[in-house]
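What follows is a short report on a single structure.
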Amino acid sequence: MTAKTKDGKEIFNDSKIYMPQSPAFGRGDKMVYGPFRKSGMLRDTSLQPGKTKTENFDIKFPYEDVEKDGKKVRDIKAKEMEVTVKLWYLPAGGDHRDDKAVEVNKGKYLFFETTKTVTIK
């Protein structure tokens, strides 16, 4: 996710990775190393089909504290920003450089992209 001002200056950039987590030390059916390492204790951070995933990002508008009439006043430099969200899929397991069908942006597939303008009044 990227947020830019009207003049194109980037003010925020963040990314999240959604993927299933496999057990590294547990076998699932037996207690090998203890309950904290079993596969049932791992959380699933993948995107599930048919379920809506909501994420919140705290983005601060660019501002500057100035003194006006002896008081500190917050002067907001940009009251409008353009927020772009992209959802990519990157196939796991192996090098896809030789596969001609997967050469879209080094193996990434763009599933969804949206851009919205956020303003404060």
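If you read the sequence from its start, that first residue is 1, and numbering goes on from there. Hydrogens, waters and symmetry mates play no part in the numbers below; they use all other heavy atoms, side chains included.
From F61, atom CZ reaches atom NZ of K77 across 14.5 Å, with rounding to the nearest 0.5 Å. Annotation: the span from W88 atom CH2 to E113 atom CD amounts to 7.5 Å, rounded to 0.5 Å. To the nearest 0.5 Å, atoms CD (E82) and OG1 (T5) are separated by 9.5 Å. One finds the CD1 atom of I11 at 12.0 Å from the NZ atom of K60 (value rounded to the nearest 0.5 Å).
When the side chains of ILVMFWY residues are joined at heavy-atom separations under 4.5 Å, either directly or via intervening members, Y109 and F112 end up in a single hydrophobic cluster. Residues M81 and I120 are members of one and the same hydrophobic cluster, defined by side-chain heavy-atom contacts under 4.5 angstrom among Ile, Leu, Val, Met, Phe, Trp and Tyr. F57 and L87 fall into different hydrophobic clusters, where Ile, Leu, Val, Met, Phe, Trp and Tyr side chains are chained together by heavy-atom contacts under 4.5 Å.
Taking the ring pair (Phe, Tyr, Trp, His ring centres under 6.0 Å) definition, one finds that F111 meets it with Y89, sequence neighbours left out. Evaluation of the salt bridge (charged side-chain N to carboxylate O under 4.0 Å, His left out) rule for K16 yields E55 as partners, not counting sequence neighbours.
Residue-environment remark: CG (D7) exceeds the threshold of 12 foreign heavy atoms within 6.0 Å.
Side-chain contact check for F12 versus M1: some heavy-atom pair is nearer than 4.5 Å.
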